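First comes the structure, then the notes that go with it.
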Protein chains: 2
Amino acid sequence: MSEQDLAAISQLRSSTMRLSRRLKHQRVEESLSPTEMGVLGTLARCGKATPGELARKEHVQPPSMTRIVAMLEEKGLVRREPHPEDRRQVVVSSTEQAETILAESRRRRNVWLAELAQGLDEEEWAVLREAAPVLYKLAHL
Amino acid sequence: MSEQDLAAISQLRSSTMRLSRRLKHQRVEESLSPTEMGVLGTLARCGKATPGELARKEHVQPPSMTRIVAMLEEKGLVRREPHPEDRRQVVVSSTEQAETILAESRRRRNVWLAELAQGLDEEEWAVLREAAPVLYKLAHL
DNA sequence: GATTTTCTTTAGCGAGGGTAATGACGTAGT
DNA sequence: ACTACGTCATTACCCTCGCTAAAGAAAATC
């Protein structure tokens, strides 16, 4: 790995950390923690999941996920149904209301990020626009 | 703003959030919270700062910073000296030990990220390498 | 010189996540 | 078939971390 590559890696790392910290402050639903938003996000992607699966995906311990799901259910953002085959398990799915909140949250962060990107000149933005799909792939490897 | 731009913004946002969440798990010093690491980072960059300045930079309230600095001092990662002109203030600076931890932490996250980047092909990595400085600029706007 | 402002610190509180233990249910072994 | 073990969700309890409010010391202002 070349010197240039290492420099790029380092810049990528620090930029990612810093940008995410600033994005985190752009919350639409103040009453929802980042992890709770994360749960809604994965539910939106996967459709439904058990608490155990959610805990693993969000890097949280099962008891914590139990509490998170309970709170989300109380707010009407999530449904809990018994698992069809395994009566130990529970199936969690998100509601319409959750989708709305999620969409609004994304929209707001996009607006904030777009405004920030105004500070780049045309050429820089072209570079970033090309890199976006690659970054997306990297994040999901 | 074009349709393409919006798509790029959205990808940038979600990739950033996801990558940072995964990077956060690559901690070298388990006993130090992200904010505490952030303080060490800004001290490394700025040399020295008062608790008030640190609080502003880390988006934390002054009382929280007081406790963070106290804990860091207890661990020998930070020094507190009286301010030369203003006896209300305190000047905080980082120690050698902090630099070591910081460097190790960066190194470890770089390694992790570099390994992840192995999953990209040559062309994709070239795009990202070019985008890294731009992303860095964006994060610091 | 008195008052106001600024900086740090102390005290107390609440959110959010973790571990240990429990209970209900499936699964394997004999 | 029945016992022992593993797994999933949950409950109970603790601990970390950040916040607000208030206090104390020092500077700035009038």
Side-chain angles (χ1 to χ4, degrees), chain A residues 17 20-43 46 48-75 77-93, chain B residues 17 20-22 24-27 29-43 46 48-75 77-93:
Chain A
M17 299 294 281
S20 78
R21 246 182 306 175
R22 299 177 65 185
L23 275 168
K24 229 169 53 178
H25 283 280
Q26 305 300 319
R27 288 209 259 167
V28 56
E29 185 60 57
E30 292 297 333
S31 60
L32 256 50
S33 77
T35 310
E36 287 162 349
M37 287 297 292
V39 170
L40 295 186
T42 55
L43 282 178
C46 308
K48 42 186 59 179
T50 68
E53 288 167 352
L54 288 172
R56 278 188 293 277
K57 286 186 182 172
E58 300 297 319
H59 296 104
V60 152
Q61 295 304 309
S64 304
M65 190 49 69
T66 293
R67 250 176 321 123
I68 289 169
V69 168
M71 154 157 302
L72 289 176
E73 187 184 26
E74 200 171 306
K75 289 185 179 170
L77 301 175
V78 131
R79 263 185 300 272
R80 295 171 67 243
E81 314 159 22
H83 193 287
E85 294 131 27
D86 189 337
R87 281 185 297 172
R88 293 171 305 177
Q89 299 189 55
V90 174
V91 176
V92 184
S93 57
Chain B
M17 299 293 282
S20 77
R21 246 181 305 174
R22 299 177 66 184
K24 229 169 55 179
H25 283 278
Q26 306 300 319
R27 288 210 258 167
E29 185 60 57
E30 292 298 331
S31 60
L32 256 49
S33 77
T35 310
E36 288 162 346
M37 287 298 291
V39 170
L40 295 187
T42 56
L43 283 179
C46 309
K48 43 187 56 179
T50 68
E53 288 167 352
L54 288 173
R56 278 188 293 276
K57 286 186 182 172
E58 299 298 318
H59 297 104
V60 153
Q61 296 304 310
S64 305
M65 191 49 70
T66 293
R67 250 182 331 124
I68 290 170
V69 168
M71 154 157 302
L72 289 176
E73 187 184 26
E74 201 171 304
K75 288 186 180 171
L77 301 174
V78 131
R79 263 185 299 272
R80 295 172 67 243
E81 315 160 22
H83 192 286
E85 295 131 28
D86 189 338
R87 280 185 297 172
R88 294 170 304 177
Q89 300 190 57
V90 174
V91 176
V92 184
S93 56

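All heavy atoms count here, side chains included; hydrogens, waters and symmetry mates do not. Within every chain, numbering begins at 1; the chains are lettered A, B, ... in the order of the sequence lines, protein sequences first and strands thereafter. Everything numeric in this text was worked out from a predicted model, so none of it was measured.
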Can you tell me if CE on M71(A) sees more than 12 non-hydrogen neighbours from other groups inside 6.0 Å?
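No, because the 6.0 Å sphere around CE of M71(A) holds 12 heavy atoms or fewer from other groups.
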
For E74(B), I'd like to know if atom CD has over 12 heavy atoms of other residues, nucleotides or ligands within 6.0 Å.
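No, not enclosed.
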
Approximate separation, where rounding is to 0.5 Å, of E36(B) CD and K75(B) NZ
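Here the rounded value is 5.5 Å.
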
Working to the nearest 0.5 Å, report the span between CD of Q89(A) and CD of E81(A).
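With rounding to 0.5 Å, CD (Q89(A)) is 13.5 Å from CD (E81(A)).
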
Would a 4.5 Å heavy-atom cut-off, applied to side chains only, mark L54(A) and L43(A) as touching?
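Answer yes - side chains close enough.
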
Would a 4.5 Å heavy-atom cut-off, applied to side chains only, mark L40(B) and L32(B) as touching?
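Heavy-atom side-chain distance check passes, below 4.5 Å.
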
May I have the distance from [X] (atom [atom1]) to [N] (atom [atom2]), rounded to whole angstrom?
| X | N | atom1 | atom2 | answer |
| --- | --- | --- | --- | --- |
| M71(A) | dT10(D) | CE | P | 15 Å |
| M37(B) | dT16(D) | CE | P | 19 Å |
| L54(B) | dC7(C) | CG | P | 13 Å |

Which parts of residues 83-90 of chain A get close to DNA chain D, meaning a heavy atom less than 4.0 angstrom away?
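Hits under 4.0 Å, by residue number: R88(A), Q89(A), V90(A).
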
Tell me, for nucleotides 18-23 of chain D in 5' to 3' order, what letter each nucleotide earns: B for a base near a protein heavy atom under 4.0 Å, S for only sugar-phosphate near one, - for neither?
BBBB--

Distance-minimising heavy-atom pair for P51(B) and V90(B):
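Smallest heavy-atom distance, with atoms named: CD-O, 3.2 Å.
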
Pair E53(B), C46(B) - check side chain to side chain contact (heavy atoms under 4.5 Å, CB included), show working.
CA-CA 11 Å; E53(B) 288 167 352; C46(B) 309; over 6 Å; no

